[in-house]
Amino acid sequence: MKAMEQALTLMNERFGKDTELSLATLDGEQPAVRIVNSVYQDGSFYVITDQRSRKMKQIAAHPQVAVCGFWFNASGIGENLGALKLKQNQAKRQWLETVFSAWLGNGHIDLDNPNTILLRIRLTQGVLMSHGTRYDLDFTQKENSV
């Protein structure tokens, strides 16, 4: 198996489920970091959040973000894909309702609120470690080195 295929298999195994991920944004010139529930799919992490949150205001001003998870760190672009209730987000919404089912009904998030949006973190580059192997990932080219 090629190195990139191995790395993507590891990404799916590790992060293709409800995953706590550190998300760093810029607040002016100051970094800001928080933990978000996320799930990985096809080179991106997906997060349900409120468009009025500080993180979304920071992403609107500076879309460059960084993430950090279990033996993984990466940079990417934060993108507001709009309200979860929009027609174009229905397939992702159904998928996320399943992925986040353990906590989604706790009253913290109203999926039908127009301010509840889908944040996509489109990865550009990253480093994944697994059992002594380092994968330098270029998500824009789907290439990496070991």
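Not measured: the values here are computed from a predicted model. Along the sequence shown, residues carry numbers from 1.
- With sequence neighbours excluded, the residues that form a salt bridge (Lys or Arg N to Asp or Glu O under 4.0 Å) with R93 are E97, D112.
- Summarising the hydrophobic clusters (Ile, Leu, Val, Met, Phe, Trp, Tyr; side-chain heavy atoms under 4.5 Å, direct or chained), the residues clustered with V33 are none.
- With sequence neighbours left out, R54 forms a salt bridge (Lys or Arg N to Asp or Glu O under 4.0 Å) with no residue at all.
- Screening residues 30-39 for side-chain hydrogen bond (donor to acceptor under 3.5 Å, both in side chains) gives D18-N37, T25-R34, R34-Q58 as the qualifying pairs, with residues at least two apart or on separate chains.
- Side-chain contact between V65 and I77: absent, with no pair of heavy atoms (C-beta onward) separated by less than 4.5 Å.
- No side-chain heavy atom of M11 sits under 4.5 Å from any side-chain heavy atom of T9.
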When you look at E5 and L8, which way does the side-chain contact (heavy atoms from CB on, under 4.5 Å) test go after all the steps?
-> CA-CA 5 Å; E5 292 171 359; L8 293 178; 5.9 Å; no
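- Sorted by first then second residue, the ring-ring contact (aromatic ring centres under 6.0 Å, His included) pairs that include residues 60-92, not counting sequence neighbours, are F15-F72.
- Here L118 sits in one hydrophobic cluster together with V39, Y46, I48, L81, L84, W95, L96, V99, F100, W103, L104, I109, L111; the rule is ILVMFWY side chains under 4.5 Å apart, joined directly or through other members.
- For D50, the salt bridge (Lys or Arg N to Asp or Glu O under 4.0 Å) criterion is met by R52, not counting sequence neighbours.
- Looking only at distances, no side-chain donor or acceptor of N12 sits under 3.5 Å from a matching main-chain atom of Q41.
- The list of salt bridge (Lys or Arg N to Asp or Glu O under 4.0 Å) pairs with a residue in residues 64-91, not counting sequence neighbours, reads E79-R120, E79-R122.
- The distance from the CG atom of N115 to the CE atom of M56 is 11.0 Å, given to the nearest 0.5 Å.
- Between I35 and L21, every side-chain heavy-atom pair lies at or beyond the 4.5 Å cut-off.
- Atom-to-atom distance recorded for L119:CG and L23:CG is 6.5 Å, nearest 0.5 angstrom.
- Qualifying side chain to side chain donor-acceptor pair (under 3.5 Å) partners for Q64, counting only residues two or more places apart in sequence or in other chains: none.
- Applying the side chain to side chain donor-acceptor pair (under 3.5 Å) test to S44 and every residue at least two apart in sequence or in another chain returns nothing.
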Under 3.5 Å, which donor-acceptor pairs link side chains of residues 124-132 to any protein atom two or more places apart or in another chain?
unit_1	atom_1	unit_2	atom_2	d
T124	OG1	S75	O	3.1
T124	OG1	S75	OG	3.4

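- L26 belongs to no hydrophobic cluster, as no Ile, Leu, Val, Met, Phe, Trp or Tyr side chain comes under 4.5 Å of its own.
- Although no hydrogens or angles enter the test, the distance criterion places no donor-acceptor pair under 3.5 Å between the side chain of K92 and the main chain of Q88.
- Judged purely by distance below 3.5 Å, without hydrogens or angles, the side chains of K57 and Q51 never pair a donor atom with an acceptor atom.
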